[in-house]
There are 2 protein chains.
Amino acid sequence: MMIKTPVTPGSSQRVTSHDVSREAGVSQSAVSRAFTPGARISPEMRQRVLDAAQRLGYKPNAIARSLVTQRSGIVALIVGELHNPFYPQALSQFAQALEARGKRALLLTHDVHRDIQETLEAASSYQIEAAIVFPTRLGSTAPSLGDVSQGGVPVLLFNRHLPGHDLLSVACDNYAGGRLAAQVLLDSGARKLAFVGGDPDTSTHQDRLNGFVERLSESGLSPLATPSLSFQYDWGVQATLNLHGALAGGSAGDGDRDWPDAIFGANDIIAIGILDALHMLGRRVPEEVSVIGFDDIQESARLAYRLTTIRQPLEAMIEDALAALDDPQPGHGPRLHPGELIWRDTVRAAKG
Amino acid sequence: MMIKTPVTPGSSQRVTSHDVSREAGVSQSAVSRAFTPGARISPEMRQRVLDAAQRLGYKPNAIARSLVTQRSGIVALIVGELHNPFYPQALSQFAQALEARGKRALLLTHDVHRDIQETLEAASSYQIEAAIVFPTRLGSTAPSLGDVSQGGVPVLLFNRHLPGHDLLSVACDNYAGGRLAAQVLLDSGARKLAFVGGDPDTSTHQDRLNGFVERLSESGLSPLATPSLSFQYDWGVQATLNLHGALAGGSAGDGDRDWPDAIFGANDIIAIGILDALHMLGRRVPEEVSVIGFDDIQESARLAYRLTTIRQPLEAMIEDALAALDDPQPGHGPRLHPGELIWRDTVRAAKG
DNA sequence: CTGAAAGCGCTTACAG
DNA sequence: CTGAAAGCGCTTACAG
């Protein structure tokens with residue numbers, strides 16, 4: 001019986017649908033149909049093919065299928081530097097969500113040296129069905145993205161949007177989140193608030209800042225300071241140290257007059273840097289100064305931090321992103337998802 | 001001039017080598033050769049084709065090429081849960097290294113519910129050239145991997161090896177690393193050493209533990225305790241709290257007699273958990289207790305931790321993994337790379 | 001160096 | 001329902 005097997009098991013020769021059709025004594029078309037979900041084929045035939053396929057260890061060649069169906073089932077995931085733990089989490093959840101839909105994730109990187117545009121073009125030769133861009137840093141280079149989406153492949157920005165462009169994008173409602181952060185801090189009794197921002201050239205930064213500032217102004221306040229640079233831990237530390245240094249230098253003696261009683265870190269990794277710096281400076285949290293972040297990365301829940309923050313609804317955002325990609329209407333602005341306040345220990349309890 | 005263009009720019013119709021051959025007035029073979037690096041083609045012909053391709057916005061279809069060349073250029077990266085920041089870093093570096101070699105990374109996940117075997121089979125339909133498995137957790141399910149590598153696709157375990165199997169694997173020399181950790185701690189004057197392990201069912205854990213224990217025994221010592229569970233932050237915290245509780249409960253009054261003066265965390269994320277727990281317990285590091293980790297993840301360098309640790313030479317390991325995959329000899333055991341001691345602030349300085 | 005032709009492993013009208 | 005045939009977009013002997 002083994003003798004008629006054209007391919008010995010374990011051999012590195014690929015077994016094709018022709019091999020199976022021979023083994024099963026049916027046409028090659030029948031083999032194809034047996035592996036095509038909705039195809040017109042009798043149950044007996046299908047079983048017969050499946051048995052033969054099993055015997056030969058046959059697996060349909062997805063590459064060949066892609067070529068004829070014109071659907072690769074491949075979605076590109078384009079990531080930059082992963083300094084922010086928010087992205088690995090998002091990345092892995094995207095990969096899983098894609099797999100659950102029978103699609104595959106092609107992982108591509110972009111960095112300062114390689115334009116996203118360039119990366120996208122390389123990916124497009126693999127006939128990707130869509131591209132999801134995680135813009136850890138984006139900036140003025142972004143407009144070039146528009147060209148690619150014209151190329152027929154829908155491109156979606158995750159966690160960012162580009163004001164001028166009609167690109168698909170899914171993000172947290174960062175403006176509302178910024179307002180919420182201000183609200184929470186004001187409710188806690190804070191009156192001297194600071195904002196430590198991320199990359200000023202991103203919508204994420206801008207929207208959170210704007211929401212924050214506008215809510216403050218409604219209470220007749222404005223932020224003490226809004227230093228901004230990048231969405232990284234080191235910057236959170238540095239900004240806090242700078243704040244301290246400036247104040248210490250400015251007014252000797254009663255240097256605390258202008259020290260903030262609350263700080264909004266533009267994201268959690270910054271807020272964690274702030275917390276560490278505050279600790280070094282001997283400032284007690286939340287007694288002397290409250291801190292709130294944005295994202296709710298896993299680290300924020302740790303005992304050492306217990307950071308109060310605004311959670312991005314990652315799961316819902318990913319579902320929505322995938323849905324948007326399935327039906328790529330030129331988005332009327334970004335698709336926004338509300339953030340959720342996560343109460344932990346770094347914001348003073350409201351007085352009264 | 002635009003009139004003869006068969007495909008209007010921006011149209012979603014794909015432009016093929018035939019379209020280009022028509023535009024350039026040459027054969028389709030010529031178009032193919034123009035895009036094939038070492039092909040026999042005159043410079044003039046190539047330029048003519050390239051110009052026409054440019055005009056039409058032609059990009060070769062990698063899927064079609066794969067089908068005929070039998071080389072997809074796709075390598076599968078299979079990741080589990082990303083609780084340990086070491087993996088995202090490795091993942092992203094792998095993706096970059098692959099791109100630098102003109103290959104693509106297909107990102108796949110596996111979890112408790114989905115066997116790695118199953119994931120690999122799904123990947124194999126994309127004609128992957130190799131698979132790299134990041135076994136955040138592996139265990140008794142591992143042996144099934146052997147079957148896949150028989151299927152013709154070389155499988156490489158990264159950061160783990162399987163004692164019984166002949167799978168390719170690249171890892172840090174964890175045994176030597178364990179010895180080194182013991183050495184450093186002993187040199188610092190420690191005599192009551194504890195080990196907080198990860199998943200006991202992994203080679204990583206076992207090798208580090210063995211190296212540690214054997215070095216201690218050479219000095220006539222044995223570890224105070226070796227609780228082990230998983231490579232996670234929470235476990236580092238919990239294990240430390242447990243240690244404390246057990247001792248506090250055991251001997252009232254002079255409870256410190258058996259409290260360790262040094263702890264080796266099986267990896268950095270555990271060590272960081274240990275550090276946080278120690279801080280909560282009011283134990284001073286390194287004055288009362290030294291802590292050393294393994295990996296050197298980015299977080300370990302933070303001001304808040306300044307963790308002394310043993311760095312895995314990630315870059316070298318990745319290069320070696322890719323080299324091993326290009327020439328997949330049935331590895332004679334795992335390919336080991338020496339760890340490097342990174343001195344920071346959590347181990348007491350050696351006494352004069 | 002160049003072109004015509006076969007073929008990679010599939011899917012899918014098209015007849016029966 | 002089933003099979004023979006065309007074709008997806010390329011590469012690569014094979015002649016010239």
Side-chain angles (χ1 to χ4, degrees), chain A residues 6-7 12-50 52-53 56-74 102 124-129 152, chain B residues 6-7 12-50 52-53 56-74 102 124-129 152:
Chain A
V7 176
S12 66
Q13 284 295 327
R14 310 189 184 203
V15 12
T16 73
S17 58
H18 273 106
D19 298 325
V20 177
S21 73
R22 223 169 295 134
E23 169 82 8
V26 301
S27 72
Q28 183 269 332
S29 326
V31 177
S32 175
R33 291 193 182 101
F35 283 91
T36 306
R40 299 188 167 285
I41 186 174
S42 65
E44 302 76 37
M45 172 72 81
R46 168 164 277 153
Q47 196 51 54
R48 189 166 159 194
V49 171
L50 261 26
L56 266 37
Y58 169 73
K59 289 272 174 332
N61 182 328
I63 296 285
R65 175 189 291 149
S66 303
L67 189 59
V68 30
T69 60
Q70 305 278 51
R71 313 209 74 224
S72 65
I74 297 176
S124 76
S125 74
Y126 278 87
Q127 312 306 107
I128 54 172
E129 295 182 356
Chain B
V7 175
S12 65
Q13 283 296 326
R14 311 187 183 203
V15 12
T16 73
S17 58
H18 273 107
D19 298 325
V20 177
S21 73
R22 222 170 295 136
E23 169 82 9
V26 301
S27 73
Q28 182 269 332
S29 325
V31 178
S32 175
R33 292 195 182 99
F35 284 92
T36 305
R40 300 187 166 283
I41 185 175
S42 66
E44 302 76 38
M45 171 70 82
R46 169 165 275 153
Q47 196 52 55
R48 188 164 159 194
V49 170
L50 260 24
L56 265 36
Y58 169 74
K59 290 273 174 329
N61 182 328
I63 295 286
R65 174 187 293 149
S66 304
L67 188 58
V68 29
T69 59
Q70 307 277 50
R71 312 208 73 225
S72 65
I74 297 177
S124 75
S125 73
Y126 277 86
Q127 313 305 110
I128 53 172
E129 295 181 356

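Labels below follow one simple rule: chain letters A, B, ... track the order of the sequence lines, proteins then strands, and each chain is numbered from 1.
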When B:R40 and A:S17 are each assigned the nearest nucleotide of DNA chain C, the 5'-most assignment goes to B:R40
Please report the shortest heavy-atom distance between A:R46 and A:T36, naming the atom on each side. NH2-O, 3.0 Å
With P as the reference atom in both, quote the distance from D:dG16 to D:dT12 in angstrom, rounded to an integer. 22 Å
Which comes earlier along DNA chain C counting from the 5' end, the contact point of A:H18 or that of A:R33, where each point is its nearest nucleotide? A:H18
So what does B:Q70 touch, heavy atoms closer than 4.0 Å: a base, only the sugar-phosphate, or nothing? sugar-phosphate
Under 4.0 Å, heavy atom to any atom of DNA chain D: which of residues 41-50 of chain B qualify? none
For B:A53 versus B:F35, what's the shortest heavy-atom pair and its separation? CB-CZ, 3.7 Å
How would you list, by chain and number, every residue that makes a side chain to side chain donor-acceptor pair (under 3.5 Å) with A:Q47, sequence neighbours excluded? A:D51
Smallest heavy-atom separation, A:V49 atom then A:A24 atom, equals CA-CB, 4.4 Å
What does B:S29 touch in the nucleic acid at a heavy-atom separation under 4.0 angstrom: a base, only the sugar-phosphate, or nothing? base
Would you mind classifying the nucleic acid contact of A:T69 as base, sugar-phosphate or nothing, using non-hydrogen atoms under 4.0 angstrom? sugar-phosphate
Contact span of DNA chain C against chain A, any nucleotide atom under 4.0 Å from a heavy atom, 5' to 3', runs C:dG9 to C:dA13
Using a 3.5 Å limit on both pairing distances, list the dot-bracket string of DNA chain C from the 5' end; Watson-Crick and G-U wobble pairs count, crossing pairs take [ ], interstrand pairs take |. |||.||||||||.|||
Contacts under 3.5 angstrom, residues 58-66 of chain B side chains, donor-acceptor by atom type, not counting sequence neighbours:
unit_1: B:N61; atom_1: OD1; unit_2: B:I63; atom_2: N; d: 2.8
unit_1: B:N61; atom_1: OD1; unit_2: B:A64; atom_2: N; d: 3.1
unit_1: B:S66; atom_1: OG; unit_2: B:A62; atom_2: O; d: 2.7

Straight-line distance of B:S125 OG to B:Q127 CD, nearest 0.5 Å: 7.0 Å
For A:F35, answer base if it contacts any base atom (sugar-phosphate contacts may also be present), sugar-phosphate if it contacts only those atoms, and nothing otherwise; contact means non-hydrogen atoms under 4.0 Å. nothing
Distance-only criterion, 3.5 Å: show the donor-acceptor pairs between side-chain atoms of residues 25-33 of chain A and protein atoms not counting sequence neighbours.
unit_1: A:S27; atom_1: OG; unit_2: A:S29; atom_2: N; d: 3.4
unit_1: A:S27; atom_1: OG; unit_2: A:A30; atom_2: N; d: 3.2
unit_1: A:Q28; atom_1: NE2; unit_2: A:S17; atom_2: OG; d: 3.0

So, for A:V15 and A:G57, which heavy atoms are closest and what is the spacing to 0.1 Å? CG1-O, 3.9 Å
